[in-house]
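First comes the structure, then the notes that go with it.
Convention: sequence-line order gives letters A, B, ...; per-chain numbering from 1.
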Amino acid sequence: MSVKSESKGSTAAPNQKPLKNIIEKIWDAHLVKQKEGHPAVFAIDLMLLHEVTSAQAFENLAERKIPVADPQRLLATIDHSIPTRPNRHEIYDEAARAQVDALRQNCKKHGIPFHDFDSGTQGIVHVIGPELGVTQPGMTIVCGDSHTSTHGAFGALAFGIGTSEVGHVLATGCLLQEKPKTMKVTFKGKFLPGVYAKDAILALIGQLGIGGATGHVIEYCGDAIKAMSMEERMTVCNMSIECGARAGLISPDETTYAYIKGRKFAPSDKDWAKAVETWQSFCGDRDASYDREVVVDLDLLAPMVTWGTNPGQALQISENIPSLRDIAPEHQATAQRALEYTQLREGAPIRGVKVDWAFIGSCTNGRIEDLRIAANILKGHRVAEHVTMYVVPGSEAVMKQAQKEGLDKVFEAAGAVFRNPGCSMCLGMNDDKVPSGKRCISSSNRNFVGRQGPGSITHLASPATVAASAIAGEISSSDKYLG
Amino acid sequence: MDKFKTISSKVIPLPMKDVDTDLIIPAQFMTSISRDGYAQNVFRRLRDKDPQFPFNLEKYKDAQVMVVDDNFGCGSSREHAVWALYGAGIRVIIGKSFADIFASNASKNGLLLLTLPAMVVDRLLADAKNEEYTVTVDLENQVVSFPDGRSLGFEYEAFRKHCLLHGLDDIDYIRSFDKEIEQFRKKQEKEWAFSTLRANHP
Ligand code: SF4
């Protein structure tokens with residue numbers, strides 16, 4: 001794999017309409033007002049709500065007696081702090097129960113569509129939006145959650161916001177925004193067997209570093225992106241924030257339209273042609289330029305895994321953990337702290353490190369395709385004796401589909417636990433925590449200190465690598481279980 | 001939001017790069033539905049691990065200015081991180097760079113983030129170990145003054161400065177464009193007549 005940076009590309013000839021990339025087109029189409037020297041009043045088409053980052057925003061509106069501007073542009077569900085055990089309706093944790101109740105009541109009070117337990121459509125916000133077909137090209141989508149960039153896979157400008165901003169959108173349907181810088185990331189080449197979208201995005205983050213794209217919105221391009229399914233594209237866009245990007249998106253194409261067609265919120269057959277024409281019009285002009293361009297070659301990429309405590313501390317599974325002296329001086333202290341925390345030795349191989357837990361799930365890799373990949377590897381094998389494996393579908397729809405295909409049986413036969421949908425062990429806000437001092441190989445998106453539970457150690461990887469490592473009981477690539 | 005007033009305070013140093021919001025306030029302390037009550041758990045993990053962690057030390061008690069390194073506040077969008085720091089009395093954070101969403105959250109809660117040149121920040125990180133070290137941050141005039149009598153101007157975006165100094169939040173400003181917003185939506189709904197967002201909602 002190689003990464004090279006290029007300078008800003010060509011610009012339009014004078015007296016020609018300026019060429020625009022997709023990010024600039026969506027930006028311009030949602031600009032309500034921009035006064036000189038002020039941030040733009042920027043229109044938001046859809047806001048997703050969940051229980052953890054919304055209560056204070058509703059409270060602020062109530063205190064100031066401001067009504068919700070447009071409840072129909074909102075969509076709410078519960079995902080972060082809910083249990084995933086069989087009797088999940090009973091939330092024992094008082095604080096989590098209060099959050100769920102508050103959201104339920106706020107939705108009722110303001111007429112906001114709420115996807116509750118057993119509605120058939122409950123799940124992680126970033127999984128259900130696309131499933132329902134509400135996520136469409138050219139839209140602006142926000143949520144009080146940094147992985148909102150997932151929706152960018154559909155050619156939407158989708159980004160995470162804080163709770164105050166959730167309040168601004170509730171009250172006005174708009175946000176104050178500064179125009180982002182744009183960055184083009186081209187994924188070239190083809191994946192080797194056992195290498196997936198997750199590996200591509202971890203490779204990019206490893207190269208750029210976790211602050212490398214701060215202030216930018218990324219457009220992902222290239223043959224490898226074109227060839228990806230929507231699920232894979234969502235995995236890529238999901239982790240844009242992990243290199244600091246405000247958002248990441250992919251221009252819509254036939255794959256996008258085919259995915260949307262027929263879903264609950266998709267345009268009707270009668271309007272379909274008009275919808276596609278409108279969506280298509282957001283695709284960037286040929287030769288449009290970007291503030292930065294990066295090329296990543298995937299031809300020789302091997303499965304990736306993280307060794308440290310941020311997603312940028314990643315390497316190919318065949319490589320050794322870097323020696324401190326090979327790390328740039330300004331990053332050595334961070335690396336040393338990370339190694340202490342993850343109890344690993346510099347220069348040692350990452351392959352073969354013993355794991356205690358394995359997690360398949362999250363908005364990064366908790367969709368049906370991810371479960372299929374994991375099940376395919378686990379079929380006919382057992383999870384190692386000392387490993388506890390959780391498989392947590394991203395939504396009720398994913399869970400039902402998995403059951404229909406018998407994947408739940410495959411997981412159970414392998415000794416893994418198949419749970420109810422939610423964020424679960426991605427952030428350990430409910431009971432699903434990796435115990436202190438235990439090591440987890442995880443298909444989620446963050447390996448921060450204690451992210452999966454106080455004292456837990458996380459290695460991020462693709463679902464295939466997670467499944468293979470669960471069987472082996474140690475960090476392991478999936479090639480020997482494939483085909 | 002409180003109005004931002006000029007601050008003279010000792011400086012609490014946090015010489016770590018890439019401090020993420022999970023570290024500032026771990027998820028298990030985020031279950032409250034109000035904005036208060038996070039301060040006692042700010043940097044909980046670091047405080048539990050290391051008795052010498054600056055937030056455990058008496059000499060930095062009441063510090064309102066914090067100095068950090070690069071890419072502070074990365075990761076999760078949780079505004080709880082800002083509430084926790086603000087609740088702990090922090091009013092200004094000086095650093096080399098800040099993550100986007102954290103910066104936006106800070107400005108919406110009256111917490112001033114100052115990006116200063118790396119050399120100045122490194123020096124400040126070193127000097128702040130001295131408990132007598134006091135700086136003054138004057139947003140109105142956009143100057144930081146140091147104990148040796150020197151001072152340094154800083155850039156700050158005019159609109160955000162106005163909001164911070166007057167304790168204004170974005171809602172009032174956005175709502176002053178109600179007419180434009182209405183016009184925008186009318187036009188958009190015509191162009192996006194194929195959208196079934198409304199029709200398919202219960
Ligand atoms: S699965 Fe993890 S990253 Fe995704 S929304 Fe839930 S907590 Fe956030």
Side-chain angles (χ1 to χ4, degrees), chain A residues 32-33 37-39 41 43 46 52-53 55-56 59 66 72-73 81 93 95-96 98-99 102 113 134 144-146 160-165 167-168 171-174 176 210-211 214-215 244 246 264-268 271 274-275 278 310 330-331 333-334 427-429 446 448-451 454, chain B residues 1 15-18 20 22-23 26-28 30-35 45-46 70-71 74-80 82-83 97-102 104-105 108-109 157-160 169-171 173-175 177-178 180-181 183-185 188 191-202:
Chain A
V32 176
K33 182 83 191 175
H38 288 61
V41 178
L46 174 71
V52 178
T53 55
Q56 294 88 349
E59 188 190 77
I66 300 175
Q72 300 285 297
R73 288 191 181 279
S81 61
D93 183 294
Q99 286 182 327
V134 290
D145 187 281
S146 54
I161 56 177
T163 299
S164 293
E165 291 179 309
H168 306 163
T172 68
C174 294
L176 291 188
I210 61 171
T214 301
R246 194 99 175 86
K264 185 166 181 225
F265 284 85
S268 65
D271 292 331
K274 172 72 186 152
T278 308
N310 73 50
E330 70 270 25
H331 294 300
T334 309
L427 89 167
M429 262 194 92
R446 282 183 176 147
F448 295 151
V449 167
R451 168 85 176 180
Chain B
M1 189 164 98
M16 287 164 67
K17 283 184 207 299
D18 303 320
D20 58 72
D22 279 72
L23 209 55
Q28 60 265 41
M30 272 168 51
T31 40
S32 161
I33 52 173
S34 85
R35 283 167 199 256
R45 294 204 180 107
L46 294 171
D70 239 335
N71 197 30
C74 61
S76 157
S77 62
R78 61 188 68 160
E79 199 159 312
H80 309 67
V82 171
W83 300 333
S97 68
F98 298 92
D100 282 341
I101 307 179
F102 180 81
S104 157
N105 287 340
K108 283 160 180 109
N109 287 277
E157 207 224 313
F159 176 77
R160 285 290 156 212
D169 89 355
D170 294 6
I171 294 182
Y173 180 77
I174 300 175
R175 286 179 115 202
F177 298 102
D178 265 357
E180 284 88 345
I181 296 173
Q183 275 166 9
F184 173 89
R185 288 296 182 199
Q188 190 198 31
E191 287 166 8
W192 290 59
F194 58 82
S195 168
T196 55
L197 204 55
R198 285 203 157 62
N200 284 351
H201 264 145

Side chain / backbone / both / neither for [X] at chain B, heavy atoms under 4.5 Å:
{"X": "A:Val41", "value": "side chain"}
{"X": "A:Ala43", "value": "both"}
{"X": "A:Arg451", "value": "both"}
{"X": "A:Thr334", "value": "side chain"}
{"X": "A:Glu59", "value": "side chain"}

**OP:** Provide the closest heavy-atom pair for B:Gln28 versus A:Pro454 in the form atom of the first, atom of the second, distance.
**Re:** NE2-CG, 2.9 Å
Chain B: which of [options] shares the most heavy-atom pairs with it under 4.5 Å?
{"options": "A:Ala102, A:Cys174, A:Ser164", "answer": "A:Ser164"}
{"options": "A:Asp145, A:Leu176, A:Thr53", "answer": "A:Leu176"}
{"options": "A:Lys274, A:Gln56, A:Met429, A:His331", "answer": "A:Gln56"}
{"options": "A:Val52, A:Asp271, A:Thr163, A:Ile161", "answer": "A:Thr163"}

Subject >> Main-chain N/O of A:Gly450 paired with B:Arg45 side-chain donor or acceptor, under 3.5 Å >> reply: yes
Subject >> Whether B:Ser195 side chain and B:Trp192 backbone form a donor-acceptor pair below 3.5 Å >> reply: no
Original post:
Hey, which of B:Asp100, B:Asp18, B:Ile181 has the most heavy atom pairs under 4.5 Å with chain A?
Top reply: B:Asp100
Original post:
With chain A, which of B:Pro15, B:Ser77, B:Ala27 has the greatest number of heavy-atom pairs at distances under 4.5 Å?
Top reply: B:Ser77
Under 4.5 Å from a heavy atom of chain A, the part of [X] involved:
{"X": "B:Ser104", "result": "side chain"}
{"X": "B:Phe102", "result": "neither"}
{"X": "B:Asp178", "result": "neither"}
{"X": "B:Asp70", "result": "neither"}

**OP:** Just do the salt bridge (charged side-chain N to carboxylate O under 4.0 Å, His left out) check on B:Lys108 and A:Glu165 with the steps written out, would you?
**Re:** CA-CA 8 Å; B:Lys108 283 160 180 109; A:Glu165 291 179 309; 3.4 Å; yes
**OP:** Can you measure from CD1 (A:Ile66) to NE2 (A:His168) and round to the nearest 0.5 angstrom?
**Re:** 9.5 Å
Original post:
Any side-chain donor paired with an acceptor under 3.5 Å for A:Ser146 and A:Arg446?
Top reply: yes
Original post:
Parallel, tilted or perpendicular: which describes the rings of A:His38 and B:Phe159, with under 30° parallel and over 60° perpendicular?
Top reply: tilted
Original post:
Under a 4.0 Å N-O cut-off, is there an ion pair linking B:Asp22 with B:Arg78?
Top reply: yes
